[in-house]
A.B. asks: 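Shown below is the structure under consideration.
Lettering follows sequence order; numbering is per chain, from 1.
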Protein chains: 2
Amino acid sequence: MLHDPAQLDLMFQALADPARRQMVDRLSRGPASVSQLAEPLAMSLSAVVQHLNVLEASGLIRTEKLGRVRTCRIEPQALRAAEHWINERRLAWERRLDRLGDFLAETKDES
Amino acid sequence: MLHDPAQLDLMFQALADPARRQMVDRLSRGPASVSQLAEPLAMSLSAVVQHLNVLEASGLIRTEKLGRVRTCRIEPQALRAAEHWINERRLAWERRLDRLGDFLAETKDES
DNA sequence: ACAATAGTTAAGTGATCACTTCAGTGTTCC
DNA sequence: GGAACACTGAAGTGATCACTTAACTATTGT
């Protein structure tokens, strides 16, 4: 469920750009239109739309058009998938360190 | 502490490449040399070294050279920083949804 | 009907990316 | 000392990126 490498590629790639992270940050406080997302950014509306398309293709956001306004919102499941990938690797490493610590403590006892 | 946009850029960018994620995955199971990391990958050793430099510059791994062998290991704090950025945005969104749900439930009671 | 609004699309540009090959450097083993 | 080993660095290449401008569509307000 959403764990294929291609999707992770798209998500991490999408998050790699500061403008796109800023959009995600804004959306984490609630849905917004394209112009609202563009407002704090020093770039053309066209560029913003392109970033938005990257975010949507990655699955990190979902958009819906009503009249002439496109409303964007966060897709928390996608965020969770990225989060989960990182978390699993970090935990694997930390569990390994714990086991190593236990081992060293034991061999010290037996010296 | 590690939350500046530039560092996050580097980390997410580093994680955006499948080869680099594969290396991080391998390293999550324990330290490895450059050649060990290269072994499952279908690319030149030189390319692997370049990926490794990207990972190290991002802070996601740390490397140490002993004799002619460079040993690479994961830097869990960096993983935690990336994880944390995503987690905060996701939680902000989900808390918002909860509040919205409460509000709707209340207004329904008062109808 | 007309103008303003909200967004979309296409084409182009310069920068960065993910490699490659090839020619090194320093290290260990015999 | 010399061969094999484990990288390292520089240069080049084709692909992708993050924009820009400009021309366009569809919707809303007067």
A.B. asks: Go through it in stages, so that I can follow the logic: the residues are A:M43 and A:V48, the test is side-chain contact (heavy atoms from CB on, under 4.5 Å), and I'd like the CA-CA distance, side-chain angles, deciding distance and then a yes or no.
C.D. replies: CA-CA 7 Å; A:M43 65 178 72; A:V48 171; 3.9 Å; yes
A.B. asks: With sequence neighbours left out, which residue pairs that include part of residues 36-56 of chain A fulfil the salt bridge (Lys or Arg N to Asp or Glu O under 4.0 Å) condition?
C.D. replies: A:E56-A:R70
A.B. asks: Can a donor-acceptor pair be found, under 3.5 Å and without considering hydrogens, that links the side chain of A:R89 to the backbone of A:W85?
C.D. replies: yes
A.B. asks: Distance check: side-chain N/O of B:H51 vs OP1/OP2 of C:dC17, anything under 4.0 Å?
C.D. replies: no
A.B. asks: Can you figure out which of D:dC17, C:dT9, C:dC19 approaches the side chain of B:D17 most closely?
C.D. replies: C:dC19
A.B. asks: Rounded to the nearest 0.5 Å, how far apart are OG of B:S58 and CG of B:L8?
C.D. replies: 10.5 Å
A.B. asks: Salt-bridge test for A:R80 and B:E94: reply yes if a basic N is under 4.0 Å from a carboxylate O, no otherwise.
C.D. replies: yes
A.B. asks: Would you give the length of the straight line joining atom CD of B:E83 to atom CD of B:E88, rounded to the nearest 0.5 angstrom?
C.D. replies: 12.0 Å
A.B. asks: Whole-Å distance between C:dC19 C1' and B:M23 CE?
C.D. replies: 12 Å
A.B. asks: B:L52 CG to D:dC7 C1': how many Å, rounded?
C.D. replies: 11 Å
A.B. asks: Hey, does the side chain of B:Q13 come within less than 4.0 Å of D:dC17's phosphate (OP1/OP2), counting only N and O?
C.D. replies: no
A.B. asks: Which residues in residues 36-47 of chain A have a heavy atom closer than 4.0 Å to any atom of DNA chain C?
C.D. replies: A:L45, A:S46
A.B. asks: Supply the atom-to-atom distance B:L15 CG to B:L55 CG, rounded to the nearest 0.5 angstrom.
C.D. replies: 7.5 Å
A.B. asks: Rounding to a whole Å, what distance do you find between B:D9:CG and C:dT16:P?
C.D. replies: 13 Å
A.B. asks: Determine whether a donor-acceptor pair (one donor, one acceptor, N or O, separation below 3.5 Å) exists between the side chain of B:Q50 and the base of C:dT20.
C.D. replies: yes
A.B. asks: With a 4.0 Å cut-off on N to O distance, would you call A:R90 and B:E75 a salt bridge?
C.D. replies: no
A.B. asks: D:dT8 P sits how many Å from B:E56 CD, rounded?
C.D. replies: 9 Å
A.B. asks: Taking CG from B:L55 and P from C:dA18, how many angstroms apart are they, rounded to a whole number?
C.D. replies: 10 Å
A.B. asks: From the options D:dT8, D:dA18, D:dC19, select the nucleotide whose nearest atom is closest to the side chain of B:V34.
C.D. replies: D:dT8
A.B. asks: Which nucleotide, C:dT8, C:dC19, C:dA10, lies nearest any side-chain atom of A:V49?
C.D. replies: C:dT8
A.B. asks: Has the side chain of B:R21 got a donor or acceptor atom that lies under 3.5 Å from a matching backbone atom of A:P5?
C.D. replies: yes
A.B. asks: What residues from residues 61-69 of chain B pass a heavy-atom cutoff of under 4.0 Å to DNA chain D?
C.D. replies: B:K65, B:R68, B:V69
A.B. asks: Find which nucleotide of DNA chain D each of B:T71 and A:V54 is nearest to by heavy atoms, and output the residue with the more 5' nucleotide.
C.D. replies: B:T71
